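Note sheet for the following structure.
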Amino acid sequence: MQVEEFEVVDISEEEQNLDDNMKLLKNFRSQHIIDINMVRVFVLIWIVAMVFALMPMFRSSYSDVEKRELKKFPKFSFSALVSGDYFDDIGLWFSDTFPMRDGFVSLNTNLTNTFGINTVQVQGNVIKGDEIPESDKDSKKDSKKDSEKGSEKDSEKVESKPEQTPAAPPPAVEQLGAMLIVDNAAYEYYNFSQATADNYIATLNRAAALLEGKAWVYDMIVPTSMAITLPENFTGSTNSSDQKKAIDYMYSKMNKNVYSVDAYSALLKHKKEYLYFRTDHHWTALGAYYSYRELMAVKGAKPVPLTTFKEHKFDGFLGSFYAHSGQKACLGNTPDYVMAYEPPQTNTIQTITKNGTINYSIVSDGNVLSAGNKYLSFICGDQPYGIINNPDITDGSSCLIIKESYGNAIVAFLTQHFQNVYVVDYRYIDQVFPGTLVQFVDERKIGEVFFVNNISATRSAGLVGAISRFVG
């Protein structure tokens, strides 16, 4: 059998290079097609996102996290168009109401902290406070029970309104200052303002002088968590004004017929307990209860045990500190809870608003409220004017609580001592009542007036001005 021979032919170098080039060209073409498709997908996603972002129904008008109204689409005017303000305002509206804005803010904050875990952070600009003058420690009476309502008091003239009182209406909400974040809790800095503190003192003195012989006047200045629950290794090194010294100064300058309530000492005794929220600037109802007991001691009355009230617990609270921080994960991963105490006799508060009279609850169901609004469980938030009637008390007794939002948590406890409890938020009372404090007290035959403010309110010219306008 003859074996067929095959000639072995060598492939030249040029032919090999040609084959390689063809393969490379095919790869380039395939990659080019993939790149084109990726660009198409990206453009499609971008177009869909733009259409989604521009549709009004997907844009919010209110930020639940920041608790504020978002920028409204500007009204057209020729002057705004010429000046450029019109398009600037459109830009602000577009960014402020962008769909899922709160989520993007939170994502940005978390990405900022990706490359390191900062257990101690300062948020905002820390403002150095004024030097706090020494207090006149021996100038005050210890409590109301040291005197009788009909007794002769020190001769005191009604002080005129301080010149610094602003004419503009007060801000709708308290403005948070700088924050110190330690681990999973935030604390607000306090900077003492000499001029504003003196205006607050003058306003309280004027209120007591105007109401002399009509009603007792009490003042409760509540310290913030920075002064009570901040870890001890940070105390004294935060560049925050000394709240105890500031409160002592303000109390020492008030007239003897303003009965001061030492909430600071009452809270300090329980500093290891849940007195303040970690993610919000308010105190808890437990902190309010301990301060209420101190108020009763000043009155010479017996406080009602906490067990008298019906407990409600609302989990998942992420408050103002969480929003103000840009939704930092160190705060958001460990939400607060709200404990509220419902009075046994009634849970109804009649509120008078610019839209009419509405019945709300003294303690409402916080479980149906969003994570950022659970503090609204207390008297349904900041209403201009509210009335609570205790059907078990028929002696005609009445009190007035003049407050900002801190006072909301203490209202339930005072319902146990008066037939009628009136609640006024001095920031909004002018919406429904054009008169003064004296007119309000006279018309309702109120016997006791309680001013309840957190110490930050006493450094705000706008808030102190609002109190002053109501006092008259």
Side-chain angles (χ1 to χ4, degrees), residues 129-147 153-154 156-159 162 190-212 215-228 240-269 271 275 283 287-288 290-301 399-404 406-407 410 426 437 448-461 463-464 467-468 471:
D130 297 337
E131 190 70 28
I132 304 173
E134 295 298 323
S135 61
D136 302 330
K137 294 183 179 179
D138 298 327
S139 66
K140 295 289 296 176
K141 292 181 180 178
D142 291 330
S143 69
K144 167 189 168 183
K145 59 186 177 183
D146 292 329
S147 64
K153 298 184 179 180
D154 294 343
E156 298 164 344
K157 65 179 181 179
V158 177
E159 299 188 35
Y190 164 69
N191 56 294
F192 174 76
S193 168
Q194 176 78 61
T196 310
D198 287 345
N199 286 350
Y200 183 78
I201 294 164
T203 298
L204 268 291
N205 286 341
R206 191 167 74 254
L210 290 168
L211 293 175
E212 186 172 3
W216 295 103
V217 174
Y218 304 82
D219 185 43
M220 180 188 292
I221 303 175
V222 183
T224 65
S225 59
M226 175 75 86
I228 304 296
S240 182
S241 298
D242 187 330
Q243 295 189 33
K244 178 66 164 64
K245 187 175 181 180
I247 292 171
D248 285 346
Y249 166 73
M250 286 185 276
Y251 281 165
S252 73
K253 296 298 182 181
M254 290 180 188
N255 296 334
K256 292 182 179 180
N257 54 346
V258 178
Y259 292 93
S260 57
V261 180
D262 187 8
Y264 183 98
S265 297
L267 292 166
L268 194 64
K269 293 175 185 176
K271 63 179 296 182
L275 305 180
W283 59 354
Y290 288 133
S291 299
Y292 147 79
R293 292 201 315 192
E294 183 64 23
L295 172 58
M296 290 299 104
V298 174
K299 276 176 49 63
C399 77
L400 168 62
I401 304 168
I402 303 173
K403 56 84 189 176
E404 35 77 37
Y406 249 68
I410 204 171
Y426 53 79
L437 171 62
E448 302 191 49
V449 175
F450 307 112
F451 287 86
V452 181
N453 286 283
N454 84 88
I455 193 170
S456 289
T458 68
R459 70 177 177 189
S460 168
L463 295 180
V464 173
I467 301 172
S468 180
V471 169

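Because the structure is predicted, anything quoted here is derived from the model rather than measured.
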Shortest non-hydrogen contact from Met226 to Ser240?
CG-OG, 4.0 Å
How long is the gap from NZ on Lys253 to OG on Ser135, to the nearest 0.5 Å?
8.5 Å
Looking at side-chain heavy atoms only, is the closest gap between Trp216 and Val298 below 4.5 Å?
no
For the CE atom of Met220 and the CD1 atom of Ile247, what is their distance to the nearest 0.5 Å?
11.0 Å
Does a side-chain heavy-atom distance below 4.5 Å link Ser291 with Leu267?
yes
Interatomic spacing from CG in Leu211 to CD in Glu448 - rounded to 0.5 Å
12.0 Å
Which atom of Val464 lies closest to which atom of Ala457, heavy atoms considered:
CG2-O, 3.5 Å
Do the side chains of Val261 and Phe450 get nearer than 4.5 Å, heavy atoms only?
no
Any side-chain donor paired with an acceptor under 3.5 Å for Tyr249 and Gln194?
yes
Test Tyr218 against every option in Val449, Ile401, Leu295 by the side-chain contact (heavy atoms from CB on, under 4.5 Å) rule and name the one that passes.
Leu295
Would one find more than 12 heavy atoms of other residues, nucleotides or ligands at under 6.0 Å from atom NZ of Lys271?
yes
Provide the closest heavy-atom pair for Thr458 versus Tyr190 in the form atom of the first, atom of the second, distance.
OG1-OH, 4.3 Å
With a 4.5 Å heavy-atom cut-off, do Tyr200 and Ile221 have their side chains touching?
yes
Lys269 NZ to Ile228 CD1 distance, which is reported to the nearest 0.5 Å:
12.0 Å
Verify side chain to side chain contact (heavy atoms under 4.5 Å, CB included) between Val217 and Asn257, making sure each step is shown before the conclusion.
CA-CA 7 Å; Val217 174; Asn257 54 346; over 6 Å; no
Please find the pair of heavy atoms, one from Asp219 and one from Tyr251, that lie closest to each other, and give the distance.
O-OH, 3.1 Å
Spacing of Ser265 atom OG and Lys244 atom NZ [to the nearest 0.5 Å]:
5.0 Å
I'd like to check Tyr426 versus Leu463 (side-chain heavy atoms, cut-off strictly below 4.5 Å). Are they in contact?
yes
Using a 4.5 Å cut-off on heavy atoms from C-beta on, say whether the side chain of Ser260 contacts that of Met250.
no
Do Ser468 and Asn199 have side chains that approach each other closer than 4.5 Å (heavy atoms only, starting at C-beta)?
no
Closest non-hydrogen atom pair between Asp242 and Lys245, with its separation
OD1-N, 3.1 Å
Tell me the closest heavy-atom pair linking Arg459 and Asn191, and the distance in Å.
NH1-OD1, 2.9 Å
Taking side chain as C-beta onward, heavy atoms only, is Leu275 less than 4.5 Å from Trp283?
no
Which value, rounded to the nearest 0.5 Å, describes the distance between Ile132 atom CD1 and Ser193 atom OG?
11.0 Å
